[in-house]
Amino acid sequence: MSLVQPRTLPGALELLPREQIAFQRLLDTIRATYERFGFLPVETPVMELAEVLLTKEGGETERQVYFAQSTGDREAGRAPELALRFDLTVPLARYVAQYEHQLAFPFRRYQIQRVYRGERAQRGRFREFYQCDIDIVGKDALPVRYDAELPAVIHHLFTGLGFAGFRIEINNRKLLRGFLAALGIEDGERQKLVLREVDKLDKRGADWLRETLAGQFGVDAPTVDRLLAFVGSRSESYGHAGELLDGLAAAHDHPLLQQGVAELREVLARLADFGVPDSHVRLNFAIARGLDYYTGTVYETVLTDHPEIGSVCSGGRYEDLASHYTKSRLPGVGLSIGATRLFWQLRELGLFRDSESTVQVLIALLDEAQLPEALRLATALREAGINVEAQLEPGKLKNQLKYADRAGIRFVAIPGPDELARGVVAVKDLARQSQFEVAPAELARALEVEIAQARVMPPAGGDAG
RNA sequence: GUGGAUGUAGCUCAGUGGUAGAGCACUGGAUUGUGGCUCCAGGUGUCGCGGGUUCGAUCCCCGUCUUCCACCCCA
């Protein structure tokens with residue numbers, strides 16, 4: 001019989017246990033931070049009815065959607081009526097519209113789940129990946145100040161994760177569109193196309209953008225110059241950002257641009273109030289983001305020590321989230337971390353090492369005779385809230401230590417015959433290469449102290465995240 | 001979906017028209033109860049798959065699949 005090669009589909013990320021633990025820690029931190037800021041948990045099904053998921057956002061999105069159907073439907077030749085979600089925002093829209101009368105507004109929800117995209121897998125680009133979304137959805141209206149809260153959450157989160165250098169970049173699509181209109185590029189479709197290219201500025205450079213705008217779009221040279229000067233500017237501080245916005249407002253009397261300027265001023269002011277230092281924030285007028293539903297503020301976050309990673313989380317403001325599902329007006333602002341990509345890329349850069357095991361103590365077993373005592377010890381430790389793995393088969397101590405070392409288990413309790421004869425148990429700390437002995441009755445207490453210390457003072461190196 | 005590359009041991013890769021090698025990893029031992037270091041020993045391959053040229057192909061040619069990169073789009 002020929003064997004089937006065991007493999008996953010391209011674009012799926014599977015981890016070994018110690019990597020999985022590290023990833024889980026990342027998700028735990030994200031979840032805890034979201035809850036700290038008052039967001040409520042929501043989960044939605046992986047599959048949605050296709051007609052719900054594919055409202056009519058249309059073309060590009062639909063090409064990336066996986067469809068699903070029952071065997072019966074497939075055999076009957078019917079079109080699939082189910083589809084896998086490709087983000088968490090569309091399901092949120094459906095959710096909010098569906099439960100509108102049972103939810104309190106502004107509705108603050110977080111959602112950490114996997115999404116699916118049928119695109120060609122590439123480095124750091126997955127077909128199945130985690131998104132960690134936070135959104136605030138208002139009823140009828142949602143003041144711009146909320147647009148400042150989401151970056152504040154990210155600032156708090158990334159600081160907590162120990163990412164030293166990161167920067168939240170902010171822009172506003174009203175400002176962008178107003179500016180283009182002021183330059184004479186007034187057609188909405190044309191604006192979209194121009195912004196799509198502008199968005200690539202940081203990746204491909206000013207010369208490339210100049211050529212594209214002049215060549216492909218036939219924009220005249222003076223206009224290209226003004227456009228490049230604008231989208232190329234970056235703020236260096238809150239004060240400098242204010243000056244840039246003042247200059248724009250004074251130079252262009254377009255209403256949409258004025259509105260964009262006003263919104264950005266408000267967002268920056270509130271960010272300062274949230275305690276986000278301006279070393280971690282800047283205006284970047286080249287950020288345009290997703291073409292369709294963003295209408296105002298847009299964000300991206302980059303790790304400044306590793307700009308090559310690109311954006312690790314992004315989002316923005318949408319004026320009418322659920323218009324396909326309800327006549328109610330539900331404006332919102334949201335932001336999403338691509339946790340799978342973030343983890344994968346940090347790991348590639350060596351910034352994430354394998355975590356210690358979730359197993360805190362391994363109880364070694366040298367001879368069959370000590371099995372009952374080993375199991376009694378394990379039970380006592382578990383009752384004290386310690387994660388314990390007991391060796392159920394006797395073996396060489398060397399191999400058991402090697403096993404603990406590889407598995408990332410820091411402490412090994414050794415109730416050997418010599419120790420038990422003297423009324424003690426040996427405890428070895430593999431990280432510190434030290435060893436001590438305690439009475440069996442004191443083992444749990446002693447390990448609690450050791451584990452607490454290990455938590456405060458991890459072995460040299462520690463985790464980046 | 002479009003275009004360009006790639007494929008040799010578990011991993012990273014050398015190599016040659018006469019059917020293959022290194023490092024790492026792995027296993028055992030040095031050490032009869034103490035991991036990471038060191039030393040010694042050991043095994044591993046349909047050279048991606050199918051066809052063609054050739055006395056002979058892992059090497060040359062064609063096809064195919066895979067993975068990677070770029071585009072598109074995005075976390």
Side-chain angles (χ1 to χ4, degrees), chain A residues 2-3 5-11 13 16 30 57-65 85-89 111-133 154 193 196-197 199-200 203-204 287-294 298-302 309-316 334-346 362 364-367 370 391 394-421 426-435 437 459-461:
Chain A
S2 75
L3 296 173
Q5 188 191 357
R7 58 186 185 134
T8 57
L9 78 163
L13 182 68
L16 293 170
I30 293 171
E57 299 295 329
E60 274 307 313
T61 333
E62 186 154 353
R63 270 182 49 200
Q64 298 196 344
V65 169
R85 62 179 172 220
F86 51 86
D87 69 12
L88 301 177
T89 304
Q111 188 168 353
I112 299 175
Q113 292 193 273
R114 288 194 256 218
V115 302
Y116 300 84
R117 289 192 191 169
E119 53 185 330
R120 207 178 280 285
Q122 242 174 69
R123 280 178 86 74
R125 313 193 54 177
F126 298 91
R127 293 154 91 182
E128 176 187 75
F129 60 95
Y130 272 91
Q131 285 199 323
C132 309
D133 276 36
I154 294 304
L193 295 175
R196 177 187 295 178
E197 304 307 324
D199 201 46
K200 298 171 186 167
K203 191 173 175 186
R204 301 198 186 165
I287 291 177
R289 299 297 313 149
L291 300 169
D292 291 330
Y293 45 62
Y294 295 128
V298 287
Y299 338 86
E300 290 192 349
T301 301
V302 295
I309 287 182
S311 177
V312 292
C313 73
S314 56
L335 191 149
S336 178
I337 299 174
T340 302
R341 170 184 279 183
L342 177 62
F343 177 80
W344 187 87
Q345 285 171 318
L346 290 172
L362 179 76
L365 182 63
L366 300 187
D367 298 307
Q370 288 91 49
Q391 291 278 351
K396 288 185 181 177
L397 181 57
K398 171 184 179 141
N399 288 336
Q400 298 187 46
L401 288 172
K402 191 186 283 187
Y403 167 78
D405 184 46
R406 296 209 179 148
I409 303 168
R410 177 160 174 178
F411 296 101
V412 179
I414 308 169
D418 297 352
E419 285 81 2
L420 292 179
V427 176
K428 177 152 185 164
D429 178 342
L430 271 64
R432 241 188 317 192
Q433 308 174 55
S434 61
Q435 193 164 329
E437 296 182 343

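First the proteins, then the strands, lettered A, B, ... as listed; each starts at 1.
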Using atom [atom1] of [X] as one end and atom [atom2] of [N] as the other, report the distance to the nearest whole Å.
X	N	atom1	atom2	value
A:E300	B:C73	CD	C1'	13 Å
A:Q111	B:A75	CD	C1'	15 Å
A:R85	B:A75	CZ	P	15 Å
A:F126	B:U67	CZ	P	14 Å
A:K396	B:U32	NZ	C1'	9 Å
A:Q64	B:C73	CD	P	10 Å
A:R410	B:U34	CZ	C1'	17 Å
A:Y403	B:U34	OH	C1'	17 Å

Where RNA chain B forms stems, i.e. three or more consecutive Watson-Crick or G-U pairs with both distances under 3.5 Å: B:1-5 with B:67-71, B:10-13 with B:21-24, B:26-30 with B:38-42, B:48-52 with B:60-64

For residues [X] and [Y], determine if any side-chain heavy atom of one lies less than 4.5 Å from a side-chain heavy atom of the other.
X	Y	value
A:F343	A:R341	no
A:R117	A:R125	no
A:L13	A:E128	no
A:S314	A:V298	no

Out of [options], which has the shortest distance to the side chain of [X]?
X	options	value
A:Q435	B:A75, B:U34, B:G33	B:U34
A:R289	B:U34, B:A75, B:G29	B:A75
A:K200	B:G33, B:C73, B:A75	B:C73
A:R204	B:C72, B:C26, B:G33	B:C72

Which is true for [X] with a 4.0 Å heavy-atom rule: it touches a base, it touches only sugar-phosphate, or it touches nothing?
X	result
A:R117	base
A:V312	sugar-phosphate
A:P10	sugar-phosphate
A:L342	nothing
A:Q370	nothing
A:D87	nothing

Set of side-chain hydrogen bond (donor to acceptor under 3.5 Å, both in side chains) partners for A:S336, sequence neighbours left out: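 side-chain hydrogen bond (donor to acceptor under 3.5 Å, both in side chains) check on A:S336 returns A:D133.
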
Counterpart residues, side-chain hydrogen bond (donor to acceptor under 3.5 Å, both in side chains), relative to A:Q435 (two or more places apart): none

Between [N] and [M], how many Å separate the two [atom1] atoms, rounded to a whole number?
N	M	atom1	value
B:A25	B:U32	C1'	29 Å
B:G21	B:U44	P	11 Å
B:C72	B:G63	P	28 Å
B:C60	B:U2	P	28 Å
B:C47	B:A57	P	12 Å
B:U58	B:U53	P	15 Å
B:A20	B:G45	C1'	9 Å
B:A14	B:C37	C1'	29 Å

A:R341 vs B:C74: side-chain N/O to OP1/OP2 distance below 4.0 Å: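 For A:R341, the contact criterion (side-chain N or O under 4.0 Å from OP1 or OP2 of B:C74) is not met.
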
N/O (side chain, A:T340) to phosphate O (OP1/OP2, B:A75) under 4.0 Å: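 Answer is no, no contact under 4.0 Å.
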
Nearest-0.5 Å distance, CD1 of residue A:I154 to CD of residue A:E300: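 Going from the CD1 atom of A:I154 to the CD atom of A:E300 covers 13.0 Å.
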
Residues in salt bridge (Lys or Arg N to Asp or Glu O under 4.0 Å) contact with A:E197, at least two apart in sequence or another chain: A:K200

Counterpart residues, salt bridge (Lys or Arg N to Asp or Glu O under 4.0 Å), relative to A:R406 (two or more places apart): none

Side-chain donor/acceptor contact of A:E119 with base of B:G1 under 3.5 Å: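 Not at all, since no donor on one side and acceptor on the other fall under 3.5 Å apart.
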
Return yes if some donor-acceptor pair links the side-chain N/O of [X] with the main-chain N/O of [Y] below 3.5 Å, else return no.
X	Y	answer
A:S311	A:V302	no
A:Q131	A:D87	no
A:E119	A:R127	no

Where protein sits on nucleotides 35-44 of chain B, one letter per nucleotide: B base, S sugar-phosphate only, - none, heavy atoms under 4.0 Å: BB--------

Position toward the 5' end of RNA chain B (nearest nucleotide), A:S336 or A:L366: A:L366

Base of B:A75 and ring of A:Y130 stacked, centres under 5.5 Å, planes under 30°: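 No, aromatic ring not over the base.
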
